[in-house]
Protein chains: 2
Amino acid sequence: MQNLLQYISTRCFVNPELRQRVHHDFEKNEVPAGKILLEYNRVANKLYFVEQGLIHNYYYHDGKEVTSWFYSENQFATAWYSFYTQKSSFEEIRCLEESVLYVISYDKYQKLIADFPSYGNFARLLAEEMLSFLDYFSKSWSFLSAKEKYNLLQEYFPNIEQRVKLGQIASFLGISQETLSRIRSK
Amino acid sequence: MQNLLQYISTRCFVNPELRQRVHHDFEKNEVPAGKILLEYNRVANKLYFVEQGLIHNYYYHDGKEVTSWFYSENQFATAWYSFYTQKSSFEEIRCLEESVLYVISYDKYQKLIADFPSYGNFARLLAEEMLSFLDYFSKSWSFLSAKEKYNLLQEYFPNIEQRVKLGQIASFLGISQETLSRIRSK
DNA sequence: ATTATTTTTTGACCTAGATCAAAAAGCATT
DNA sequence: AATGCTTTTTGATCTAGGTCAAAAAATAAT
């Protein structure tokens with residue numbers, strides 16, 4: 001909880017009442033590895049803050065799992081499209097490791113914003129940050145070779161290879177597992 | 001200005017003072033075709049609402065122009081990464097057609113949010129919408145063949161081919177102009 | 001209308017990475 | 001330590017779309 005409050009308060013002013021409310025509204029959730037947090041075609045009605053562990057967003061293409069992103073310690077995670085629009089999700093979310101999460105429901109999220117303009121401000125900054133990042137990332141990504149993507153991935157997620165399977169990395173890079181294996185063997 | 005106020009008020013409550021303030025802070029700007037609105041490596045300190053015309057976001061890769069997006073009537077446009085982070089932009093913005101824009105500076109945007117919580121709410125919703133869209137779009141896009149991308153583009157921008165050059169479309173699709181030409185000839 | 005310039009199309013060849021199939025390496029479990 | 005079961009690697013081939021160069025078409029300028 002300390003990390004979550006820290007995260008919020010570096011982005012907006014947190015007075016004692018808001019602190020109290022965050023404490024109350026974000027529920028601590030200890031989740032075993034492999035647990036599915038959101039299934040395909042359901043509406044994401046939870047926003048997660050990762051205190052400890054690793055979250056895996058992925059979707060299916062031609063029946064195969066494609067990684068969209070990993071979220072680890074001190075990051076907010078959800079299926080953004082589904083959470084913000086409250087439409088059914090094209091992606092699923094699972095815990096890849098035993099994790100400690102702080103969870104808020106969509107309804108409480110909305111209520112928190114309505115009750116605390118300062119938290120509304122935080123929510124805006126979070127969306128702006130995510131958008132900035134995705135804007136930057138999606139454009140740089142599209143022009144990298146498989147090898148360059150692999151190198152960049154290692155910068156973003158330093159020890160990801162010890163934490164997830166090769167195929168999950170490969171699909172994130174947009175290449176086949178075989179190609180990734182060949183890249184690595186050099 | 002009517003369209004802009006319409007756009008805002010379908011997303012948040014606009015009282016007379018806010019209406020007045022929006023009127024005052026968004027400046028009408030009639031821009032000739034070809035005008036560069038933002039250059040590479042400068043900070044985007046303007047947010048545009050397109051009343052009339054067509055805006056082109058693009059960046060350079062290997063010295064060649066790559067289209068990142070088109071913005072037309074009734075859309076907000078800027079270089080999102082640069083505007084929100086106030087860091088230098090990897091993309092440029094230009095008007096492809098003679099356009100009528102309503103423009104607000106970054107400073108006024110911030111001030112507007114500080115003075116009107118309701119506008120802050122609007123700004124949050126705008127960022128959430130853009131993020132939702134980009135999240136959805138970037139993931140669907142990556143698995144389409146050149147031909148499928150071309151078809152999808154035509155749904156998004158019905159008469160874009162009459163408005164921009166082939167090369168600008170091709171780079172948006174992530175394919176060479178030659179390939180696009182071949183797709184079209186069938 | 002003719003010429004110059006820009007944009008689009010066509011042709012010939014090439015390459016990064018895909019696919020399919022099988023071997024090897026890692027692990028658990030008994 | 002032997003037996004499965006999963007994950008990764010290696011090998012052989014294939015293909016969508018790239019590149020380079022030149023022709024054709026469209027647009028603009030005289």
Separation of C:dT9 C1' from B:I183 CD1 (nearest whole Å): 14 Å

Between C1' of D:dT15 and CD1 of B:I175, the distance in whole Å: 16 Å

B:K46 backbone acceptor or donor facing B:T78 side chain under 3.5 Å: yes

Atom pair OH/OG1 of B:Y58 and B:T67 - distance to nearest 0.5 Å: 9.5 Å

Gap separating the CG atom of B:L125 from the CZ atom of A:R124, nearest 0.5 angstrom: 11.5 Å

A:Q177 CD to C:dG17 C1', straight-line distance once rounded to whole Å: 15 Å

A:R184 side-chain N/O to D:dT8 phosphate OP1/OP2 under 4.0 Å: no

Protein-nucleotide distance (A:Q162, atom CD; D:dT7, atom P), rounded to Å: 17 Å

B:F133-B:Y156 aromatic ring centre distance below 6.0 Å: yes

Any side-chain heavy-atom pair of A:L37 and A:C95 under 4.5 Å: yes

Interatomic distance where CD belongs to A:Q168 and C1' belongs to D:dT6 [whole Å]: 13 Å

Atom pair distance, as rounded to whole Å: CZ in B:F143 and C1' in C:dG17: 13 Å

Could you go over nucleotides 11-14 of chain C and give all protein N or O partners under 3.5 Å, atom names and distances?
{"unit_1": "C:dG11", "atom_1": "N7", "unit_2": "B:R182", "atom_2": "NH2", "d": "2.4"}
{"unit_1": "C:dG11", "atom_1": "O6", "unit_2": "B:R182", "atom_2": "NH2", "d": "3.0"}
{"unit_1": "C:dA12", "atom_1": "N6", "unit_2": "B:R182", "atom_2": "NH2", "d": "3.4"}

Side-chain N,O (B:S181) to OP1/OP2 (C:dT9) below 4.0 Å: yes

B:L180 CG - D:dT19 P separation (whole Å): 14 Å

Distance in angstrom units between A:L166 CG and D:dT7 P, rounded: 11 Å

A:S181: side-chain contact (heavy atoms from CB on, under 4.5 Å) partners, not counting sequence neighbours: A:L166

side-chain N/O A:S176 vs C:dG17 OP1/OP2, d < 4.0 Å: no

All side-chain contact (heavy atoms from CB on, under 4.5 Å) counterparts of A:S145, not counting sequence neighbours: A:K147, A:E148

Among C:dT19, D:dT7, D:dG17, the one nearest A:K165 by side-chain distance: D:dT7

Which atoms of nucleotides 26-29 of chain D (N or O only) lie under 3.5 Å from a protein N or O atom, and what are those distances?
none

Over 12 foreign heavy atoms within 6.0 Å of CZ, A:F143: yes

Selection: residues 146-155 of chain A, any non-hydrogen atom under 4.0 Å of DNA chain D: none

Heavy-atom donor-acceptor pair, B:S82 side chain to B:A44 backbone, under 3.5 Å: yes

Qualifying salt bridge (charged side-chain N to carboxylate O under 4.0 Å, His left out) pairs, either residue in residues 109-121 of chain B, two or more places apart: B:R21-B:D115, B:K111-B:D115

CA sep, side-chain torsions, deciding dist, call: A:N29, A:Y48, side chain to side chain contact (heavy atoms under 4.5 Å, CB included): CA-CA 9 Å; A:N29 213 327; A:Y48 303 93; 5.7 Å; no

Test log, rule side-chain hydrogen bond (donor to acceptor under 3.5 Å, both in side chains), inputs A:E161 and A:Q154: CA-CA 8 Å; A:E161 286 183 82; A:Q154 290 181 311; 2.8 Å; yes

Touch class at under 4.0 angstrom, heavy-atom based, for A:S185 against every strand present: sugar-phosphate

